[in-house]
Amino acid sequence: RKGAKTLIIEATGCLGGMSTMGLVPTWCPFSDKEQVIYKGIAQEIFNASNAGVDHVKPGDVDWVAIEPEHLKLVYDKLVTEAGADILFNTMLSAVEAEDGEVKTIIVSNKAGLSAYKAKVYIDCTGDADLAAWAGAEVIPVDEGSGYQPATHCFEVSNVNIYSYRSGPWLHPNNNQSPIHEIVASGKYDIPDGHLCNNEVAPGTVGFNAGHIWNVDNTDPHSVSDALIKGRKLAHEIHRALVDYQPKTFAGSKVSLTAPLMGIRETRRILGDYILVTDDYLDRKTFDDEICRNSYYIDVHHSAEEAKLINSGKLDLETRARRYNPGESHGVPYRCLTPKGLKNVIVAGRSISTDRALQGSTRVMPVCLCMGEAAGKAAAIAMNSQNIDMHNIDVQLLRKQIIEDGGYIK
C-alpha cells in the first residue's frame, strides 16, 4: 500500500497463523471497554472476519468468534489486492548476515533451497528466527518458570447449539462449569480446567482448551511430541464433555485439530527499549508509540501452579492486573528494533518486553497493529540512502498510522 515491493514468506498453506491454522476460536478484545483501540488494518481484518460469521451481532467487539475458513479468504484478498506476492509452504532455513546487516535469506520449499535478497526484512516468525539467526541478542528464558504452556486448539462438530447456548458457560471462570468436576473426578487425563470455547460455525464449537507444558517451538522434536499429546488431549476433553454434558455433546465429534500448535512464548528480542510491567501498570504513553494495548497480563500457569489452581489454593486474577474501562498503554517503536541489526524489524509476540508483559502483548489484535507499523516503517526506510531501522523518521511513521486510521496517543 505504501509502494514497496513486498514478498510474504509463509510457512503454512494460508495466511493468518493462529487465527486460521491455529484454530484459535475467538478474537481477544478489540476495545478498551469504551472504544475500539486496535484500528487500521487490524480493524479492517476484524470487520471482514465478522462479516462471515452469521451469529456475530453488529457492535460486538470483545471475545468475538472466528470462522477460520472465511478468514483465510479475508487475508488472501487483503494481501493480494495490496499487490504483495506470497510464497506458501515455504520455510525460512538460514540467514546470511554481515556487520549487522542481513544480506540474504535461504528458504526451503518444493523447489528446494532458494535465496532471496531484500533491503528490509520484517521478522514475524513469532520466535524471532530471522533476527536470532542473524545474530541479534535475545532475552533468555526464565529458567525457573520456562516458557508458558502451549495449547492445541480443536473444533467439535454436530453440537446441539441450542443446548450449548442455554447450558452452563463452560469457561473455568464459571464456578458452575462442568470442567471443575471433570478435573476433580480424576477419571480423565486432563491436567487442569483451561477450557475457553466459542461457537464458530453452525453446529461447531471451537476450543482453546488444555495445556501442554515444556514445549519449545524452536525445537522440532519438542513440537512434534506436543502435537501428539495435543491430539490425544483434545479427544479426552471431548470424551469428558460427552459424559458431563450429553444434551450438548452426545452426538458430536472432534472434527478437526489444529495444524499448528498454539505457542504462547519463545524467544524475545533485546530491542532498543524493553517494555516492562511497570509501563503497563503506569498506563504509559511514549513519544514513539505505534499502537495502544489494553489486554490484561495473561501469563498461563506452570504445571506446578496447575495443582494449586485445581485445589483452589491459587487464583490467577491476582497477576492479571486488568485495566479499568478506557485504560491502555503504548507500545513504542523501539521495542520492534533488535539491537545489532540495521535492516531488520520484528513484530508479534517476540518483541522486546519483560516476561510478564509478553503475556499481554502476545495476542492477535495488538500483533496485527505491530505488523502494520513494521510494514510502514520498512516502506519509510526504503527511501533512505543508508537503511537503518533504528533511525527512521518515527514521527512520519506515527503520522501515517493516524492518517490510515490507527489509534495512538
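Treat the numbers as computed from the prediction; the structure is a model and nothing was measured. What's counted below: heavy atoms across the whole structure, side chains too, no hydrogens, waters or symmetry copies.
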**Q.** salt_bridge(Glu137, Lys339) N-O dist < 4.0 Å
**A.** no
Review item, side-chain donor-acceptor pairs of residues 109-117, under 3.5 Å, at least two apart:
from   : atom 1 : to     : atom 2 : distance (Å)
Asn109 : OD1    : Ala111 : N      : 2.9
Asn109 : ND2    : Thr90  : OG1    : 3.1
Lys117 : NZ     : Thr104 : OG1    : 2.9

Q: Not counting sequence neighbours, which residues clear ring-ring contact (aromatic ring centres under 6.0 Å, His included) with Tyr273? List them please.
A: Phe286
Q. For Gln176, does the CD atom sit with more than 12 other heavy atoms under 6.0 Å from it, leaving out its own atoms?
A. no
Q | Side chains of Arg267 and Asn217 in contact at under 4.5 Å (non-hydrogen atoms) | A | no
Q.
Within this structure, what is the CG-OG distance for the pair Leu270 and Ser352, rounded to the nearest 0.5 Å?
A. 5.5 Å
Q | Partners meeting ring-ring contact (aromatic ring centres under 6.0 Å, His included) with His238 (sequence neighbours left out) | A | none
Q. Should we count CG of Asp287 as having more than 12 external heavy atoms under 6.0 Å?
A. no
(Q) Nearest 0.5 angstrom please: Tyr188 OH to Glu236 CD, how far? (A) 8.0 Å
Q. With sequence neighbours excluded, what pairs up with Trp133 under the ring-ring contact (aromatic ring centres under 6.0 Å, His included) test?
A. none
Q: Decide if the gap between the ring center of His301 and the ring center of His211 is smaller than 6.0 angstrom.
A: yes
Q: Starting at CD1 of Ile8, measure out to CG of Leu87 and round the result to the nearest 0.5 Å.
A: 10.5 Å
Q | Salt-bridge criterion met for Glu34 and Arg292 (N-O under 4.0 Å) | A | no
Q) Is the closest basic N to carboxylate O distance between Glu199 and Arg165 below 4.0 Å? A) yes
Q) Can you name the salt bridge (Lys or Arg N to Asp or Glu O under 4.0 Å) partners of Lys77, sequence neighbours left out? A) Glu81
Q) By side chain to side chain contact (heavy atoms under 4.5 Å, CB included), which residues pair with Pro68, not counting sequence neighbours? A) Leu23, Glu155
Q | From CA spacing to verdict: side-chain contact (heavy atoms from CB on, under 4.5 Å), Tyr333, Met389 | A | CA-CA 10 Å; Tyr333 175 76; Met389 298 308 298; 3.6 Å; yes
(Q) My understanding is that only residues two or more places apart in sequence, or in another chain, count here; which of them pass ring-ring contact (aromatic ring centres under 6.0 Å, His included) with Trp169? (A) His171
Q.
Using the salt bridge (Lys or Arg N to Asp or Glu O under 4.0 Å) criterion, which residues pair with Lys342? Sequence neighbours excluded.
A. none
Q.
Measuring from atom CD of Glu289 to atom CD1 of Ile401, what distance do you get when rounded to the nearest 0.5 angstrom?
A. 9.5 Å
Q | Listed partners of Asn160 passing side chain to side chain contact (heavy atoms under 4.5 Å, CB included), at least two apart | A | Tyr162, Ser163
Q | Presence of salt bridge, Lys284 and Asp279, under 4.0 angstrom | A | yes
Q: Classify the ring geometry between Phe46 and Phe30 as parallel (under 30°), tilted (30 to 60°) or perpendicular (over 60°).
A: parallel
Q. Does a salt bridge link Glu327 with Lys33, judged by any charged N lying under 4.0 Å from a carboxylate O?
A. no
Could you pull out every donor-acceptor pair under 3.5 Å between side chains of residues 220-234 and any protein atom, sequence neighbours left out?
from   : atom 1 : to     : atom 2 : distance (Å)
Ser222 : OG     : Asp216 : N      : 2.9
Ser224 : OG     : Pro220 : O      : 2.8

Q: To the nearest 0.5 angstrom, please state how far the CD1 atom of Ile66 sits from the OG1 atom of Thr26.
A: 6.5 Å
Q | Residue pairs fulfilling salt bridge (Lys or Arg N to Asp or Glu O under 4.0 Å) with at least one residue in residues 356-375, sequence neighbours excluded | A | Asp298-Arg362, Glu372-Lys376
(Q) Listing request: all ring pair (Phe, Tyr, Trp, His ring centres under 6.0 Å) pairs with a residue in residues 67-98, at least two apart in sequence or in separate chains. (A) none
Q. How long is the span from the CG atom in Asp129 to the OG atom in Ser93, to the nearest 0.5 Å?
A. 10.0 Å
**Q.** Carboxylate-amine/guanidinium contact Asp404 Lys39, below 4.0 Å
**A.** no
